[in-house]
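Data block below; observations after.
Note that ligands are numbered from 1 as they come in the structure, with each ligand's atoms numbered from 1 the same way. Just the heavy atoms: all of them, side chains too, but no hydrogens, waters or symmetry mates, feed the values below.
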Amino acid sequence: MKHLDIKIVRENKDYTGKEVTVCGWVRTARDSKNMAFFELNDGTSLSHIQVVIDKSVLTVDDEALKLGASVKVVGMAVEGRNGANEINATEVTLLGKSPADYPLQKKRHSLEFLRTMPHLRVRTNIFNAVLRVRSVMADSIHTYFQKNNYVYINSPLLTGSDCEGAGETFTVTTIGYSDKYKNSEEYYADDFFGKHASLSVSGQLEGEVAAMAMGKIYTFGPSFRAENSNTPRHVAEFWHVEPEVAFAELPDIIEIAEDMIKYVVKDVLEKCSEEINFFNERIPENNKGLIDKLNNLINNDFAVLDYTDAVELLQKSGKKFQYPVYWGADLQTEHERYITEEVFNKPVFITNYPKDIKSFYMKQNPDGKTVAATDLLVPGVGEIIGCSEREADYDKLLQAMKDRNMNIEEYTDYIDLRKYGSVPHSGFGLGFERILMYVTGMTNIRDVILYPRTVGSIR
Ligand code: 4AD
């Protein structure tokens, strides 16, 4: 169907005074005795285009003025009162009716209500804005790495090993319920891969393989976690950005992470100014000052705080936390919020965590107690990046795996990397939905992804 993007017709003055054809869904409609007006959106911009119908010259099917109906409009583009082009229609063709039970009849619905209809909420302004920011940000991430000579790697999604070693994986099987097997070993031996397989929680282990030849690589794809965490920050299927850099130590990867985040946020601010303005004004209290927050991020250094200092700071805060703070404890959301929101009010890298609360692959520090790891925490969201220098020493890595009773046989490729030309190297994992939450100010991860998958909920 030959037609133009609404964004182009609205914004491009070359079309003013010319005949144009656009297609879209009716987002608002007003009908009076002599005139009718409706606004059309085709997803190419957050703003709708206004269509004006002079009833003395054009008869329009009533169904074309119903919210949610799809239509094709031919008419003259003319400059409207707000400076953008609108269309004086000469022809309106109804493509698809939208009966009275179309659920999006009100101007604004709650996000909770919209979550019950993921297939329709995409037609609201807020999801129009979220999905475009998401798309632009994905492009910015690729551009950042490509410009800096990283190689994009597609790591496998089906895996025989659990990268984080936390056992929070989704098993992949083709057999399903059966009483034919005596035990799980027999079951999996008979299964598709001849052994237990799952969906990958992280592309890191394979990313390291690629980095040991390609130097600087990144992956950008889905990761799957069967965590029983029903929080506004967890989904079972999230998109994961994972660079892996040979010859980089912890301070180098911290610099890269900060540089990348700043590049991406700046790019989104420039390319999605309309959407960011919309988030700044339209979503609740927490968003007052969204643009200031993002500009502050771009223009200031992130803080770096040693875990041991963070514990001391929390202990001296005088705050009553629900979870106790002591050296060796994992930081909880309340602790992270205090540090990023009340103390620093900007992104903070917490470094050198106790080795017992972190993964086997992290480089062990000379103190024997901590690892060269960091989490990047941001106000409002908490952790958006998990990062570390990797243990490059064969014996130390093997020992760390043995200490955790890991099945060494499943990790022979990974261990071999420490045998043949091992180098210091580091990497991180950025949760794509988490940074989207930060940039848009959306407070629930379910609202920055098309179809959220969470505990007890899939459709
Ligand atoms: O800290 P994590 O578990 O680190 C790893 O997976 C490393 N293998 C990454 C690496 O070094 N290559 O996860 C990294 C990030 C978290 O900081 C968070 O932003 C995101 O992934 N994440 C989730 N996002 C949404 N829902 C979940 N259930 C998430 N789990 C982790």
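Between Tyr188 and His196, the angle of the ring planes goes over 60°, which puts this pair in the perpendicular group of the 30/60° scheme. Taking the six-membered ring where tryptophan is involved, the planes of Tyr187 and Tyr181 are perpendicular, since the angle between them exceeds 60° and thus also 30°.
Protein residues having a heavy atom under 4.0 Å from any atom of ligand 1 are Cys163, Glu164, Ser202, Gln204, Arg225, Glu227, Arg233, His234, Val235, Phe238, His240, Glu242, Tyr361, Glu383, Ile384, Ile385, Gly386, Arg390, Gly427, Phe428, Gly429, Gly431, Arg434, Ile445, listed by chain and number.
Panel note: side chain Arg446, backbone Glu112; no donor-acceptor pair is recorded below 3.5 Å.
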The test is side chain to side chain contact (heavy atoms under 4.5 Å, CB included); show your working for Leu417 and Ser422 and say whether it passes. CA-CA 6 Å; Leu417 301 181; Ser422 185; over 6 Å; no

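Heavy-atom contacts from other residues, nucleotides or ligands closer than 6.0 Å to NZ of Lys266 number 12 or fewer.
Annotation: side chain to side chain donor-acceptor pair (under 3.5 Å) contacts involving residues 356-367, sequence neighbours excluded, comprise Glu164-Ser359, Glu164-Tyr361, Gln204-Tyr361, Asn352-Asn365, Lys358-Asp375, Asn365-Thr370, Asp367-Thr370.
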